[in-house]
Structures are given as structure tokens and as C-alpha cells.
Chemist: 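Below is one structure. I have some questions about it.
One-based numbering along the sequence shown. Just so it is clear, the model here is predicted, and its values are computed rather than measured. Just so you know, ligand 1 is whichever comes first in the structure, and atom 1 is the first atom listed for that ligand.
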Amino acid sequence: MDNTRANPRGHPRLKPYNPIKRGYLALEAWFNVSFTPAWNPLYHLGTLAFFFLWVVLISGLYLFIFFNISTHGAYASVERITHEQWYLGGVMRSLHRYASDAAMLMILLHMFREFALDRYRGFRWYSWLTGVPTLWMVVLLGITGYWLVWDLLAQYVAIGSSRLMDAVPIFPEAMTRNFLAGHLSDRFFILMGFLHLLGQPMILVFMLWFHVRRLSQVEINPPRGLAIGSFIALLGLSLAMPAISHAPADLSRVPAVLNLDWFYLNIYPLLDYWTAGETWLLTTGITLFLMLMPWLPWRRTGPAAVVDLNHCNGCGQCFADCPFDAISLQKRTDGARWEYEVAVTPELCAACGICMGSCPSSNPLRRAETVLKTGIDMPQLPIHEIRARTQSLLAQLGSSPSPRILIFGCEHGFDVTRLNSTDTLGMRLFCAGMLPPTLIEYALKNGADGVLVTGCRASDCYFRFGNKWLAGRIAGMRKPVLRSRVDPQRLKIHGAAETDGARLKRELAAFRQSLLGLQTEPGASRADRGVDHVG
Ligand code: HEM
């Protein structure tokens, strides 16, 4: 078996050079140094967007108490909130404005990240596709928000929006008629208020639920420190640069200089140059293109995990570990004495193999069978194949005098086969979470002096939880646990993205050095550890 030429799925080993991905990974590495991986905001863009939307909601509720929903009263009420109550109402208004901008910035970065790291195609098509209309819903919420202030900017937005709506022949009356009498009717204004205060937020909540419903254990809150830090930054900005209105709307005037919010109102300046039809064409085209991106081109997901009821006792560990809700726990159907069994929904399966790593039956130390079987397995790289490859690599490591190191790496991190040498060999799995802890024990018992496991970078896993579950299993916090008989000094875990080769090599050298120290310690030789060799 030639482990160096092909990855486990049989694709060419080298991934195409992707400058966007490499640039983005470099940026994240830089943020890791400044913020630590646990607090790196670039790993929490979706949850930060949620957090800012919470700030928008709470500050919005406060503003609503004092807001007058009428064309004649709106502007004055906002002015009172801003100036008479600057210490609370004014701050709330600024928080509302700046948190909206921050939410949009997070959403755009979140979207860019999924694209840059190629996490939008294949099994992720659903999250991407549902994200695009969600983005538009946030934009619409911002537009109706600006409208409610009823200042010159609101007037500009209102007239631009009416031109856009009138270009779509779905309304019985032209929207611009609302402005003909020289003022906006209260009925229409109340409709905007209803949309902004109730209709759009409710639709947004539903869309967000829809957006994440195919993921399991979705976190919607960022780490507390990050949330507190972001809030302090927003508060500081609100105090330093309070949000203020333009002059009151005056339909007899054409607004001259306006401070546009480019996060939300970027389409409107186009209307100065283009017809409404052309503007629609551009925005619809961009939206459709974004929605179709997962298919341009489509990324094939490997075959789904397969359950073998003969080896499944329905413990539910794979059900708990699956990051994509692809596994369900159901009543036993085969008459076996266990109460439950698991079932895979193939359309939801990301083929990450985490379920195989979490199955207690995925135990290469079981010697009874000729072909090792487990409760849930990956057809393209089953557990018996992994054991056979491990055996083959251990045999190739032979009797090297220097510490013999076996590396298990993830397909989405650094390509570990590039670290191959006389005393070091690497094997690629789909995800670090695919590794059953007993395989580490197996490798150490059968000739490896040390095992290095490397997945994606810490706090960032291509399959969401592979790193986290692996760390839990090794620490004895999550089943199946690494047994305590394994010498922890012979195991190293270090996450590395595909651009982190130099750092991984340094970690490997340090690990090798520490193993050398162990080998010279009395009583730490392989023979003393009762090592039985393969073959
Ligand atoms: C209000 C807007 C949005 C919010 C609050 C939001 C939030 C989230 C959250 C919390 C997750 C789950 C992350 C995890 O637990 O691993 C997620 C996943 C995802 N989002 Fe968004 N999102 C938004 C908009 C978008 C947009 C506009 C796109 C792209 C068009 C997008 C693309 C994705 C993708 C591809 C995933 C899947 C990530 C994965 O499977 O690991 N999202 N989003």
C-alpha cells in the first residue's frame, strides 16, 4: 500500500494551490498570536453576528419605548432620545446603529471565510444557500431602520426604495404615489414600523433557525471574553462618536450631502446612475450567483457512513458526536437485546469518519476477527483498512535506532506524508476525530515509540468537532477514552493547517527529542514496556 501517493479517498495527494485560502490562513495565524486560538474572533464570526444582533434587539426594544411611529412625530422623538437622554437613549441609539454595522461586518466576513476555506460546497451547500437570503433579510432590516428616523437620509432611502419597488409590477399602486402629496402617509410609515419592529425580526429568527438546522450542537454565543470585549468596543465607539440624524425629511428638497451607511445602503447610489431595472438586474444576478456557488463546481462528498448492526449496541456515542446531525438513534429493529440502534441519513453525512472514531467497537486491539468490523464504518476507509495501513507503516519503520514516530493527520490540515523519513511515517485520515483512541494504543504497543496526531488548527476543525472530540477522548473526558495505561509522554497532539508545515516540523523535532530522553531513562525501553511487534 503506498501511503505517500494518494490520500485516503484516492485523490491526488497535492491540493491545488489556492492563494485566497493561504492568505486567509496566514491572517488567522496572525490573529491566533494576538488573541489566542480560543478567542480568535475569526473563529467565531457566526456567533459574533448573533451577539451583535442581540445587542441590536435589546437596544431596539429600549428605543421603541420612546419612539413615535408617525411621519410627524418620528424625527422629533429620535432627536429627544439622542440629545435629551444622551446618557442612555443616545447611547442605546448608537449601540443600535454600531451593533447593526458590526453584525453586517461579521456576516460578510463569515461568508468570506466559508468561501476562502472552501467550506461552502458539497455537504455544506445547504448552509451556504440558506445564508444568502438571510444576509438580504439583515440588509432589509437595516433599510427599514434607516427609514424610521425620517430624516433626509430616510427620505433618500424611501424614494430610492420606491423607485425599486415600482420597477417590480407586483404592487397594485405605485409606491412613489405615497410621496406625491409632499408628505409620506402615516399608514405607510406605520407599515414600515411594523416591518422593522416585528415582521422582519421574526422572519430573520426563522431564517437563522433554518440556516443552522442541519448542524448539531450549534453554538450561537461567542466566548464570554470576546463578547465582553466587543461590547466594550461598541460602547466606547458610541460614547466617542454618538449616532446622530441628518436634518428632518423635507419632500420639497433633494438631499445633497448624506452620510451613507455603506453596509446597508450601498445599492442606493447606483440609482443615481442606473435605472431601477438595471439595479435589480445586478442585485438579482449577484444573489443568484452567490446561491449557485456551491455548484460551481460541485465538490463530491465521499460515501456516507454505514451502520453494521451486528457490531452496534446502540450506545449512541456516534449520535452524540456527529457534527452534522446525520445520525439518529432509534428503537432496535433487528430483535437484538439492545434497546437502541443508530441510523445514518446519507444526504446529511459529511463523510468525516468522526462516528467511526467514536464507536467503542472501532478497536484495532481486538484480535479475534480476521476482518476487523465496527458498529459504524466508512466504506472508503474502513477500520480494518486503517489497522492494516498502521501495521504496514509500523513494519516500514522497522528497527530504526532513533525514536520511531507514527503520525496520524487530517486530510484538511498539513499533509503529514510530507514528514515521512526513515524514523517517521504519516497516515492521513479524513479528520482527527476519526481516530479511535485504541489505535494510538495499538501503534504504541506494536512498535511506535511515539504517536503524533495532527488535525486542523486548534479551535478550528474542518468538520467542526473533530479536534474537540479527540482532545476529550485523550483527556479521558469523552468516550471512548484513551486508556490510562498509555504513557502520555509518548503522545503528542498538535493542530496544523496546510500552511503550518514549518511549525509542525519544529513540534515533531521537539517530540523526537523528548522521546530520546524517554528511551535513555532507565526502565523506559520498549522491552520494558512489554511492546509486542507486528508481523
Ligand atoms: C445573520 C447572518 C448569519 C449568521 C448569524 C450566521 C451564523 C452561523 C452560525 C452560528 C453557524 C454555525 C457555525 C458552527 O457552529 O460551526 C453558521 C454556519 C454556516 N454559515 Fe452562517 N450565518 C449567517 C449568514 C451566513 C451567510 C450570508 C453565509 C453564506 C452565504 C453563511 C454560510 C454559512 C455556512 C457555509 C455555514 C456552515 C459552516 C459549517 O458547516 O461548518 N452564513 N452560520
Chemist: Could you list the donor-acceptor pairs under 3.5 angstrom formed by side chains in residues 215-226, with sequence neighbours left out?
Modeler:
{"residue": "Ser216", "atom": "OG", "partner": "Cys322", "partner atom": "O", "Å": "2.6"}
{"residue": "Ser216", "atom": "OG", "partner": "Pro323", "partner atom": "O", "Å": "3.3"}
{"residue": "Gln217", "atom": "NE2", "partner": "Ala320", "partner atom": "O", "Å": "2.8"}

Chemist: Considering only heavy atoms from C-beta outward, does the side chain of Phe414 approach that of Asp500 to under 4.5 Å?
Modeler: no

Chemist: For Phe263, enumerate each residue passing the ring-ring contact (aromatic ring centres under 6.0 Å, His included) test, keeping only those at least two apart in sequence or located in another chain.
Modeler: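 Applying ring-ring contact (aromatic ring centres under 6.0 Å, His included) to Phe263 gives none.
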
Chemist: I want to confirm something. Looking only at heavy atoms, which of Phe52, Phe50, Tyr462 is nearest to atom 10 (C) of ligand 1?
Modeler: Phe50

Chemist: Would you say that more than 12 heavy atoms from the other residues, nucleotides or ligands in this model lie under 6.0 Å from the CD1 of Ile244, or not?
Modeler: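 No.
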
Chemist: Taking side-chain hydrogen bond (donor to acceptor under 3.5 Å, both in side chains) as the cut-off, I'd like each qualifying pair that reaches into residues 106-120, sequence neighbours left out, listed once.
Modeler: Glu28-Arg113, Arg113-Asp460, Asp118-Arg121, Asp118-Arg299, Arg119-Asp460

Chemist: Nearest to atom 39 (C) of ligand 1 by heavy atom, Met104, Arg113, Arg124: which?
Modeler: Arg124

Chemist: State which residue, out of Arg473, Lys479, Arg464, fulfils the salt bridge (Lys or Arg N to Asp or Glu O under 4.0 Å) condition with Asp321.
Modeler: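 Checked Arg473, Lys479, Arg464 against Asp321; only one passes salt bridge (Lys or Arg N to Asp or Glu O under 4.0 Å): Arg473.
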
Chemist: Which ligand 1 atoms, with their elements, are less than 4.0 angstrom from a heavy-atom of Val132?
Modeler: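 Counting atoms of ligand 1 from 1, those under 4.0 Å from Val132 are 30 (C).
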
Chemist: May I ask you to check whether Thr287 and Trp136 show a side-chain donor-acceptor distance below 3.5 Å?
Modeler: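 Trp136 and Thr287 do have a side-chain donor-acceptor pair below 3.5 Å.
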
Chemist: May I ask you to identify, for Leu204, whether its side chain, its backbone, both or neither come under 4.0 Å of ligand 1 on a heavy-atom basis?
Modeler: neither

Chemist: Within a radius below 2.8 Å of atom 21 (Fe) of ligand 1, how many protein N, O or S atoms are present?
Modeler: 2

Chemist: Please state which protein non-hydrogen atom is closest to atom 4 (C) of ligand 1 and give its distance, to 0.1 Å?
Modeler: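 Checking every protein heavy atom, the shortest distance to atom 4 (C) of ligand 1 gives Leu208 CD2, 3.7 Å.
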
Chemist: Look at atom 12 (C) of ligand 1 and say which protein heavy atom is nearest, naming residue and atom and giving the distance to 0.1 Å.
Modeler: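 Checked against all protein heavy atoms, atom 12 (C) of ligand 1 sits closest to Leu215 CD1, 3.6 Å.
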
Chemist: Using ring pair (Phe, Tyr, Trp, His ring centres under 6.0 Å) as the criterion, point out the one residue from Phe319, Phe123, Phe465, Tyr462 that pairs with Phe324.
Modeler: Phe123

Chemist: Atom 30 (C) of ligand 1: which protein heavy atom is closest, and how many Å away?
Modeler: Trp128 O, 3.5 Å

Chemist: To the nearest 0.1 Å, how far is atom 16 (O) of ligand 1 from its closest protein heavy atom, and which atom is that?
Modeler: Arg464 NE, 2.9 Å

Chemist: To which protein heavy atom is atom 35 (C) of ligand 1 closest, and what is the distance rounded to 0.1 Å?
Modeler: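 Here the nearest protein heavy atom works out to Arg119 O, 3.4 Å.
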
Chemist: Answer yes or no on whether Arg97 is positioned over the face of Phe52, meaning its NZ or CZ is under 6.0 Å from the six-membered ring centre and within 45° of the axis.
Modeler: no

Chemist: Only heavy atoms of Leu135, strictly under 4.0 Å: list the atoms of ligand 1 that pass.
Modeler: 27 (C)

Chemist: Exactly one of Arg213, Arg214, His211 should register a side chain to side chain donor-acceptor pair (under 3.5 Å) with Tyr126. Which one does?
Modeler: Arg213

Chemist: Please check if the side chain of His44 supplies one atom and the backbone of Ala38 the other of a donor-acceptor pair under 3.5 Å.
Modeler: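 Yes.
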
